[in-house]
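Below is one structure; the comments refer to it alone.
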Amino acid sequence: MKVITLREGKERSLLRRHPWVFQGSIDKGKADAGETVRVQAADGRFLAWAAFSPSSMIRVRAWSFDEAERIDEHFFERRIARALALRARLPIESDGVRLIHGEADGLPGLIVDRYGDLLSAQFLSAGTERWKGSIADLLLKATGLTRLYERSDSGVRKLEGLEPAAGWLRGEGATEVTIREHAWKLTLDVAEGHKTGFYLDQRDNRKLFADTVRHFGFERVLNCYCYTGGFSVAALAGGAQRVVSVDSSAPALARATAHVALNGFDATRHEARDADVNQTLRDALKNGEVFDAIVLDPPKFAPTAAHAERAARAYKDINRLALKLLAPGGALFTFSCSGGVGTELFHKIVAGAGMDAGVDGAIYARVAAAPDHPQTLVFPEGEYLKGLVILKS
């Protein structure tokens, strides 16, 4: 077993069970990509068993902090079983479920979603890449399924020195699937959709949106960065009479329109706009349009803290415009999935947008990712999706 020795004083994060060790914390030692190594403090004390990544700034990702534990197929079998047991306990109203959520499930770099009768997985670290074949077989064994599609085409792979990879890892067949979510149905394509195929993390927020529309009797809804229209379907399910879905992707909008039909809603209640969101908000304001509820669910503006300042300006601008477009008493569901923008900063950005818009509001709810995307006490970096629901005064 190869040994990685940390610089003096750099063992504190591992002692707190944080799974990452950065390049600058290592004194000596090296290994092949994904190879299991013993990580020790400067005085030789055992700290963790980990996967080594010679190309990444995150040079070491911990598998286990138990010196007696072996990193073998049985280890991965136990971790997968533990993750699935947690999901079995959660009140998930869908057959689309995040089964493995990377570091939060003790499997750094591994993302696995279940969509009906197939699995879609991302192997994003050198360690998971090395164990890919075993993990794939263990996932199918644990779930009783036969098909697993790989979507390891994220840019994160490049940071690990890995090439993009996508395609059937186990099994074959159609890549499009229909899932049930709460009281409605949604379709996705694991080969073409974002991430592993869909955004399961917003599942409970879509339900909250439907309930909010219904409770307050909102009729006019604007869904910005709508992707395939999950929030639009939720709005219609909540009784909205006019829903405008805006996105710059024609294929995504086509699927959003199809979702309206799939769920039996009147097509005249839904309008799909292939347009830039920022310009759409400005045009709507200029044209005197008013909405009772608005969703802002933009893509990642700040992947790291280094991008936070530029992202803050972008978030502030769209929130300012949205707050102006809201009718008094209306609701803004605003989100950030940027890891570089924390919860407190996001609140400050939205507050600043309200001040610039001359608008005040009550915070109706603070929201995050659905519970099958767990956030753990020792890994704060896992908190990426944050949102505010604001009732305009």
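Worth saying up front: this structure is predicted, and the values here are computed from it rather than measured.
The line from CG of L323 to CG of D356 is 10.5 Å long, rounded to the nearest 0.5 Å. Of the inter-residue distances, the one linking K141 atom NZ with L138 atom CG reads 7.0 Å to the nearest 0.5 angstrom. Remark: F22 CZ to L6 CG distance equals 13.0 Å, nearest 0.5 Å. The distance from the CG atom of L325 to the CZ atom of R320 is 10.0 Å, given to the nearest 0.5 Å. Atoms CG and OG, on L253 and S248 in that order, are 8.5 Å from each other to the nearest 0.5 Å. Expressed to the nearest 0.5 Å, how far CG of D372 lies from CG of D204 amounts to 7.5 Å.
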**OP:** Kindly determine whether R255 and E192 satisfy salt bridge (charged side-chain N to carboxylate O under 4.0 Å, His left out), including the steps that lead there.
**Re:** CA-CA 12 Å; R255 194 174 287 271; E192 302 294 337; over 6 Å; no
**OP:** Show the numbers, then the answer: is there a side-chain hydrogen bond (donor to acceptor under 3.5 Å, both in side chains) between T268 and D266?
**Re:** CA-CA 5 Å; T268 63; D266 184 350; 2.9 Å; yes
**OP:** Applying side-chain contact (heavy atoms from CB on, under 4.5 Å), run through R180 and D95 and close with a yes or a no.
**Re:** CA-CA 6 Å; R180 172 189 58 82; D95 55 0; 3.9 Å; yes
Original post:
Step by step, would you call F333 with N205 a side-chain contact (heavy atoms from CB on, under 4.5 Å)?
Top reply: CA-CA 9 Å; F333 276 61; N205 296 329; 5.5 Å; no
Subject >> Evaluation steps, side-chain contact (heavy atoms from CB on, under 4.5 Å), between T187 and H259 >> reply: CA-CA 7 Å; T187 66; H259 282 155; 2.9 Å; yes
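A side-chain contact (heavy atoms from CB on, under 4.5 Å) with V190 is found for one member of L119, L148, L118, T196 and no other, namely L118. Each of Q202, R203, R206 was compared with E181 under the side-chain hydrogen bond (donor to acceptor under 3.5 Å, both in side chains) criterion, and only R206 meets it.
In this structure, D276 contributes its side chain and Q279 its backbone to a donor-acceptor pair below 3.5 Å. With hydrogens and angles disregarded, a donor-acceptor distance shorter than 3.5 Å links the side chain of D292 to the backbone of E219. With hydrogens and angles ignored, the 3.5 Å screen pairs no side-chain donor or acceptor of R61 with any backbone N or O of L107. The closest donor-acceptor contact from the side chain of R151 to the backbone of G193 lies under 3.5 Å. Looking at S393, its side chain does come within 3.5 Å of a backbone N or O of D360 through a donor-acceptor pair. Looking at R17, its side chain never comes within 3.5 Å of a backbone N or O of F65 through a donor-acceptor pair. In terms of modelled atom types and a separation under 3.5 Å, the side chain of K392 and the main chain of L326 share a donor-acceptor contact. R269 places a side-chain N or O within donor-acceptor distance of the main-chain N or O of A240, the cut-off being under 3.5 Å. The main-chain N or O of V341 is never found under 3.5 Å from a side-chain atom of S338 such that the two would form a donor-acceptor pair.
Heavy atoms from other residues, nucleotides or ligands lying under 6.0 Å from NZ of K348 number 12 at most. Counting non-hydrogen atoms of neighbouring residues, nucleotides and ligands closer than 6.0 angstrom, the CZ atom of R78 exceeds 12 such neighbours. Around CZ of R7, the count of heavy atoms belonging to other residues, nucleotides or ligands within 6.0 Å exceeds 12.
A salt bridge links R273 with E289: the closest approach of a Lys/Arg side-chain nitrogen to an acidic carboxylate oxygen falls below 4.0 angstrom. Ion pair D105/R82 not flagged as a salt bridge, since none of the NZ, NE, NH1 or NH2 atoms sits closer than 4.0 Å to an Asp/Glu carboxylate oxygen. A salt bridge links D117 and R147; the closest N-O separation between the charged side-chain nitrogens and carboxylate oxygens is under 4.0 Å. Taking 4.0 Å as the cut-off between side-chain N and carboxylate O, R214 and D211 count as a salt-bridged pair.
Residues passing the side-chain hydrogen bond (donor to acceptor under 3.5 Å, both in side chains) test with N278, sequence neighbours excluded: R282, D317. For R114, there are no side-chain hydrogen bond (donor to acceptor under 3.5 Å, both in side chains) partners, not counting sequence neighbours. Listed by chain and number, the residues in a salt bridge (charged side-chain N to carboxylate O under 4.0 Å, His left out) with E163 amount to none (sequence neighbours excluded). Applying the side-chain hydrogen bond (donor to acceptor under 3.5 Å, both in side chains) criterion to Q241, with sequence neighbours excluded, gives no partner residue. The side-chain hydrogen bond (donor to acceptor under 3.5 Å, both in side chains) test applied to T376 returns no partner, not counting sequence neighbours.
Using bins of under 30°, 30° to 60° and over 60° for the plane-to-plane angle, the ring pair F216/Y364 lands in the perpendicular bin. The aromatic rings of Y315 and F301 sit tilted, their planes meeting at an angle between 30° and 60°.
Sorted by first and then second residue, the pairs that involve residues 119-130 and meet salt bridge (Lys or Arg N to Asp or Glu O under 4.0 Å), not counting sequence neighbours, are E129-K132, E129-R157. The ring pair (Phe, Tyr, Trp, His ring centres under 6.0 Å) pairs that include a residue from residues 92-111 are H101-H373, where partners are two or more places apart or lie in different chains. For residues 102-146, every residue pair satisfying the ring pair (Phe, Tyr, Trp, His ring centres under 6.0 Å) rule, not counting sequence neighbours, is listed here: F76-W131.
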Show every donor-acceptor pair shorter than 3.5 Å between a side-chain atom in residues 47-57 and any protein atom, with sequence neighbours excluded, or say none if there are none.
from	atom 1	to	atom 2	distance (Å)
W49	NE1	D66	O	3.2
W49	NE1	E67	O	3.2
W49	NE1	E69	O	3.0
S53	OG	E160	OE1	2.9
S56	OG	I58	N	3.0
S56	OG	I58	O	3.2
S56	OG	E160	OE2	3.1

Show me the donor-acceptor pairs, under 3.5 Å and distance only, between side chains in residues 222-230 and residues at least two apart or in other chains.
from	atom 1	to	atom 2	distance (Å)
N223	ND2	S232	OG	2.9
Y227	OH	H194	N	2.7

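Side-chain contact annotation: Y384 with D201, donor-acceptor N/O pair under 3.5 Å present. A side-chain donor-acceptor contact under 3.5 Å links T175 and D189. Under 3.5 Å, the side chains of T343 and E383 contain a donor-acceptor pair of N or O atoms.
The shortest heavy-atom contact between R70 and F75 is O-CB, 3.3 Å. Closest approach of T212 to A331, counting heavy atoms only: CG2-CB, 4.4 Å. Contact between P108 and S125 at its shortest, heavy atoms only, is O-OG, 3.1 Å.
At a threshold of 4.5 Å between side-chain heavy atoms, the hydrophobic network of Ile, Leu, Val, Met, Phe, Trp and Tyr places I100 and L169 in one connected group. Under a hydrophobic-cluster definition in which Ile, Leu, Val, Met, Phe, Trp and Tyr are linked whenever side-chain heavy atoms come within less than 4.5 Å, directly or via other members, V359 and F291 are assigned to the same cluster.
The hydrophobic cluster containing I111 also includes L124, V156, under a criterion of side-chain heavy atoms closer than 4.5 Å among ILVMFWY residues, counted directly or through chains of members. Through direct or indirect side-chain contacts shorter than 4.5 Å among Ile, Leu, Val, Met, Phe, Trp and Tyr, L159 is connected to no other residue.
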